[in-house]
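To keep things clear, I will list the structure first and then write my remarks on it.
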2 protein chains.
Amino acid sequence: MQHQKLATIEDVAALAGVSIATVSRAINEPTKVADETRRKVTEAIARTGYTTNAMARSLRMRRSNMILILAPDVGDPNFSNILVGLETEASKRGYGVLIGNTQNDPARETDYLRFISSNQADGLILFTGHLPYGFGQDGTEGRLPPMVAVNEPVPNADVPYVGVDNFEGARIATEHLISQGHRRIAFVGRSGAREVNRLREEGYRKALAGAGISIDPRLIIDGDGTTESGRAAAELMFVRDALPTAFFCVNDATALGVIISLNARHYDLPRQFSIMGFDDISFSSFVTPSLTTMKQPRHRIGEAAMELLLELLAGEKPHEQQILLRAELIVRNSVTRFG
Amino acid sequence: MQHQKLATIEDVAALAGVSIATVSRAINEPTKVADETRRKVTEAIARTGYTTNAMARSLRMRRSNMILILAPDVGDPNFSNILVGLETEASKRGYGVLIGNTQNDPARETDYLRFISSNQADGLILFTGHLPYGFGQDGTEGRLPPMVAVNEPVPNADVPYVGVDNFEGARIATEHLISQGHRRIAFVGRSGAREVNRLREEGYRKALAGAGISIDPRLIIDGDGTTESGRAAAELMFVRDALPTAFFCVNDATALGVIISLNARHYDLPRQFSIMGFDDISFSSFVTPSLTTMKQPRHRIGEAAMELLLELLAGEKPHEQQILLRAELIVRNSVTRFG
DNA sequence: GTGAAAGCGCTAACAA
DNA sequence: TTGTTAGCGCTTTCAC
């Protein structure tokens, strides 16, 4: 059962006894139409249930007032809050947003790209940390559509980026640990691949250096940011037999893994080990012990990113190529004084 | 900096020395074109970097091969896995999917509706539990576009539904508790508004009745399915002073709240209280004690829903109006023998 | 203030 | 096997 044929602008025009041009004007530039005419058109629209065909309109105007959001995983705990910020700002400026879940699949990225080149979307928000597959590899750099990266910066491509200040946040986090008397602080989540992890590790190093604490390489453990990686890291720590008094984890998911491992070994947390996370995902307040962490201003990140993208679309030169927002220390129960 | 003007079918035709109709055919019905011609076209496409304008194509064909997924909250822990199932099946059949996050905002729902009536999407998957605002209220029922509900059924509208068998699942869950010797079993999450909660409560009642256990109304507590509601419910239980030996929670989020409350009161779980959830969201295996629950076959729900929708689109009469998939009991550590 | 007509980029009759 | 052409539904000159 197909839904019935919809009214077109011609139906409205016929019913109102005017030309389609007038109907179009009555809708888009009401002031340019005589009051009486406008009234007739409005009534005809109501009677026919007409709604303008966005596709025909976009084809003609060569723009859609739509923004496409490319995300590798909409289930990422950081995603949905940033999204709301993006939507809030877009909607305020008359834009709509659509989400494409790529699962990091190149084919899917290319598909969504077609969305852009058809003007079904005017701009792009990237959560992926890389250019959509199809760009950048063959010198097509020149024709990048307007886009802004979020959450994860895009290396080696001048894509504007809006995100939390990972370096600074990690520094503050580590300093908090130090201020509580910790000096043997592990870093869990070193990664060559992920820029975010790298920056957080830098912040960690900076804080230690600032406090005159030398770095013990045995306390720096690889991890990809998953809970499982956190658990594995903690186990590894015990194997290496070089124990810290506190763990600074690259993110909350990792911290959760560490807590699980420690709980399983029946340690009394946070008395025996302090754990610090980063992100403040929703679950962090529910773990036992509840997680002390750095909160990302996700909503504001979304708003700022969209604002930047819309500036780009308006042809304005953006004020800055990168906007870093401050993370906020959230003190809960997983960090305690040492010594 | 706008990205450069893209090649159109005319550019390709000119370069290949053929008509645009031939180019179109070479792309869409390659067999109807001479080998040599096809070769020339293919090469011209490669040289120009042409990619067909999906919008123009859809406008002309009156269909887009796109499915719009309307979700009130993409952060819902059940969402992303079902989504992957939807995408898998759609992609297998040559369809793409796009996600619209509605936040339950009527305005937003109406906006996305326009997407359908412009043929930018051919069908709809509803996570919202209700028809998009704009439908159904004024007898416009007749022109509902093809759609399938998922996760949450749509009451009072014949929208096909694919989901877990909540009634049956809840019955199994409760019977598991009974089989462990529990007879005073609380139900947390009664809701007049949410169909899913209602069905799960029914399953609970059925299981008790089947075991000849009479229902104590003081053990049935309201809740909207949030963690906070679970916490509040547990607290209320203590105020009422009618304690159960086990809690069957309407979902995992609620169960988590109950566990938090019980942990905070320093009960030894699961020795003193057993807790059973429903859904098996990712966090359930991380809580302490890890949660015994009913697992929703989310991936398969997504696949089945998309399959059904595509049947509808193909004009086929669907075999069934409702597909209920079985939930699976996942035994972890939050339920233990009583007595 | 309003209308006629061109054209956005494409597909599908129909002709050749 | 290929080309010509109408037209999807709309916006926007350009006349009037």
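Per chain, numbering begins at 1; letters A, B, ... match sequence-line order.
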Between the base of D/dG3 and the side chain of B/Arg25, is there a donor-acceptor distance below 3.5 Å?
yes
Taking only the side-chain nitrogens and oxygens of A/Ser19, find out if one of them lies under 4.0 Å from OP1 or OP2 of C/dT2.
no
In whole Å, I'd like the distance from the CZ atom of A/Arg38 to the C1' atom of C/dT2.
14 Å
Starting at CG of A/Asn65 and ending at C1' of D/dT11, how long is that distance when rounded to a whole Å?
14 Å
Between D/dG3, D/dC10, C/dC10, spot the one nearest the side chain of B/Ala56, thanks.
C/dC10
Classify the nucleic acid contact of A/Ser58 as base, sugar-phosphate or nothing, counting any heavy atom under 4.0 Å across all strands shown.
nothing
Quick one, B/Ile9 and B/Val23 - any side-chain contact, counting heavy atoms below 4.5 Å?
yes
Rounding to a whole Å, what distance do you find between A/Ile27:CD1 and C/dG1:P?
18 Å
Heavy atoms from C-beta onward define the side chain here; which of C/dG9, D/dG3, D/dT11 lies closest to that of B/Asn53?
C/dG9
Given D/dT2, D/dT11, C/dG9, identify the nucleotide with an atom nearest to the side chain of A/Arg62.
C/dG9
Less than 3.5 Å apart, any donor N or O on the side chain of B/Glu109 or B/His130 sitting next to an acceptor on the other?
yes
Could you work out which one of C/dA5, C/dC10, C/dC8 sits closest to the side chain of B/Ile9?
C/dC10
Separation of C/dA16 P from B/Lys32 NZ (nearest whole Å)
19 Å
Between A/Ala21 and A/Thr31, which is nearer to the 5' end of DNA chain C once each is assigned its nearest nucleotide?
A/Thr31
With the side chain defined as heavy atoms from C-beta on, B/Val18 is closest, among D/dG3, C/dG9, C/dG3, to D/dG3
Rounding to an integer number of Å, can you tell me how far A/Arg57 CZ sits from D/dT12 P?
8 Å
Whole-Å distance between C/dT11 C1' and B/Glu29 CD?
9 Å
Please check the phosphate of C/dT11 (OP1 and OP2 only) for any side-chain N or O of B/Ser24 closer than 4.0 Å.
yes
When you measure from the side chain of B/Leu59, which nucleotide among C/dA4, C/dT11, C/dG9 comes out closest?
C/dG9
Side-chain donor-acceptor contact under 3.5 Å, B/Asp122 with B/Ser64
yes
In whole Å, what is the span from the CG atom of A/Asn119 to the C1' atom of C/dC8?
10 Å
Can a side-chain donor-acceptor contact be found between B/Arg57 and B/Asn28 if the only test is distance below 3.5 angstrom?
yes
Nearest to the side chain of B/Ile20 - C/dT2, D/dT2, D/dT5?
D/dT5
A/Asn28 has an atom CG; how far is it from atom P of D/dG9, in whole Å?
17 Å
Is it the case that A/Asn101 and B/Glu87 place a side-chain donor and acceptor less than 3.5 Å from each other?
yes
At 4.0 Å (heavy atoms only), tell me whether B/Ala34 reaches a base, stays on the sugar-phosphate, or touches nothing.
sugar-phosphate
When you look at CZ of B/Arg47, are more than 12 heavy atoms from neighbouring residues, nucleotides or ligands closer to it than 6.0 Å?
no
Looking only at the side chain of B/Thr8 (C-beta and beyond, no hydrogens), which of the listed nucleotides C/dC10, C/dT2, D/dG3 gets closest?
C/dC10
Among D/dG3, C/dA5, C/dG7, which nucleotide has an atom closest to any side-chain atom of A/Arg60?
C/dG7
